[in-house]
Undergrad: 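Below you'll find the structure I mean.
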Amino acid sequence: MNLAEGVQLVSLGILGVMMIGAAIGVVLFSSIVYSAFMLGGVFISMAGMYLLLNGDFVAAAQILIYVGAVNVLILFAIMLVNKRQDFVPFPNSWVRKVLTGIVSVGLFGLLSTMVLATPWAYSTPAVVGGESSIVLIGEHFFTDFLLPFELASILLLIAMVGAIILARREYLPDQLTPSDLRQTVLTLQERPRELVSTTSETKE
C-alpha cells in the first residue's frame, strides 16, 4: 500500500498484536464457540497484513474463503454437534500440558532466531503505484485462462446440483422391498411432500 513508513509500522504493530491476542484466545478460551470467533480474528489480521504487502487479491481471498466460508462452516459444525456435556479431565493430563509447553517454547525460539538472523533489507526497490493484482488476475482469467476458468465454473455448478439432489433424499419411503430396489436401482428414491405430511399425521 502507498502509505508512509511510520503508518505502515504502526499498522503492522496493531495487526500483529491483534493476531497474537486472537491466537492466544483461540487456545485459552474454554468455550469452543469463542475460540472459533477468535480464529476469525486471526484470519482478518492476516488479511490486513496481506494488504500492507500489496497483496490485495490474497487479502480478499483470505476474507472470503477463510472468514466467510471456513470459519462459518466451523461455527455451524460446532453449533450442530455441540452436546453441552461437562468436561471430564483425562488422567495424567499434566504430561500433555508439559509436552505442549516444551514444543511451543521450542517453536517460539526457532522463529525468534530466524527473525533475528534474517537480514530484512529490500533486495529490490519497492514498486509504488503499480497495477493492482486483482486487475492482472482478472485479465489473465478472461484472456489466457478463459477455458480453465469456465470449466471450473461448470464443475462447481455440477457440485451444487449434486448437493441439492443429495439433500432431497430425505423423502424416501419408510420401507422398500427387494423388488422395489431392483426396479429403482438407477433412480433417486423420492416421495412427494404430501405423502410425508400424511404419514407423519397417521403416526401421531
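Sequence positions, counted from 1, serve as the residue numbers for this chain.
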Undergrad: For V7 and S11, what are the C-alpha separation, side-chain angles and deciding distance, and is it a side-chain contact (heavy atoms from CB on, under 4.5 Å)?
TA: CA-CA 6 Å; V7 177; S11 302; 4.0 Å; yes
Undergrad: Just verifying a value: how many Å separate M160 CE and L157 CG, rounded to the nearest 0.5 Å?
TA: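 Those atoms lie 5.0 Å apart.
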Undergrad: Are V33 and L39 connected in a single hydrophobic cluster, I mean Ile/Leu/Val/Met/Phe/Trp/Tyr linked by side-chain heavy atoms less than 4.5 Å apart?
TA: yes
Undergrad: Are F149 and L151 connected in the hydrophobic side-chain network, where two residues link if heavy atoms are under 4.5 Å apart?
TA: no
Undergrad: Do I134 and Y50 belong together in a cluster built from hydrophobic side chains that touch within less than 4.5 Å?
TA: no
Undergrad: D56: what forms a side chain to side chain donor-acceptor pair (under 3.5 Å) with it, not counting sequence neighbours?
TA: S132, S133
Undergrad: Hey, what do you get for CD (Q8) to CG (L53), rounding to the nearest 0.5 Å?
TA: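 Between atom CD of Q8 and atom CG of L53 there are 9.0 Å.
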Undergrad: At their closest point, which heavy atom of A59 faces which heavy atom of A47, and how far apart are they?
TA: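 What the structure gives for the nearest pair is CB-O, 3.4 Å.
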Undergrad: Any side-chain heavy-atom pair from V67 and Q62 closer than 4.5 angstrom?
TA: no
Undergrad: For residues Y34 and I32: do they belong to one hydrophobic cluster (side chain heavy atoms under 4.5 Å, members Ile, Leu, Val, Met, Phe, Trp, Tyr)?
TA: yes
Undergrad: What's the shortest heavy-atom distance between V42 and A22, and which atoms?
TA: CG2-CB, 3.5 Å
Undergrad: Ignoring hydrogens, what is the shortest heavy-atom contact between S35 and G25? Give both atom names and the distance.
TA: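 Reported closest heavy-atom pair: OG-O, 4.0 Å.
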Undergrad: Side-chain heavy atoms nearer than 4.5 Å, only ILVMFWY residues, links allowed to pass through others: does that put V95 and V98 together?
TA: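 Same hydrophobic cluster.
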Undergrad: Which of parallel (below 30°), tilted (30 to 60°) and perpendicular (above 60°) describes Y66 and F43?
TA: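 Tilted: the ring planes of Y66 and F43 meet at 30° to 60°.
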Undergrad: Are I137 and H140 close enough, and set up right, to give a side-chain contact (heavy atoms from CB on, under 4.5 Å), and what steps lead you there?
TA: CA-CA 5 Å; I137 293 173; H140 284 293; 5.8 Å; no
Undergrad: Please walk me through it: do F37 and L75 pass side-chain contact (heavy atoms from CB on, under 4.5 Å)?
TA: CA-CA 8 Å; F37 278 114; L75 283 172; 4.0 Å; yes
Undergrad: Anything under 3.5 Å between a donor and an acceptor, one on a side chain of residues 99-114, the other on a protein residue two or more places apart or in another chain? List them.
TA:
| unit_1 | atom_1 | unit_2 | atom_2 | d |
| --- | --- | --- | --- | --- |
| T100 | OG1 | R96 | O | 2.7 |
| S104 | OG | T100 | O | 2.8 |
| S112 | OG | F108 | O | 2.8 |
| T113 | OG1 | G109 | O | 2.8 |

Undergrad: State, to 0.1 Å, how close G48 and L15 come at their nearest heavy-atom pair, and which atoms those are.
TA: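 Closest heavy-atom pair between G48 and L15: C-CD1, 3.4 Å.
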Undergrad: Looking at CG of L12 and CE of M19, how far apart are the two atoms once the value is rounded to the nearest 0.5 Å?
TA: 9.0 Å
Undergrad: For F76, what are the other residues in its hydrophobic cluster, where any two members join if their side-chain heavy atoms are less than 4.5 angstrom apart?
TA: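 Result for F76 is V72.
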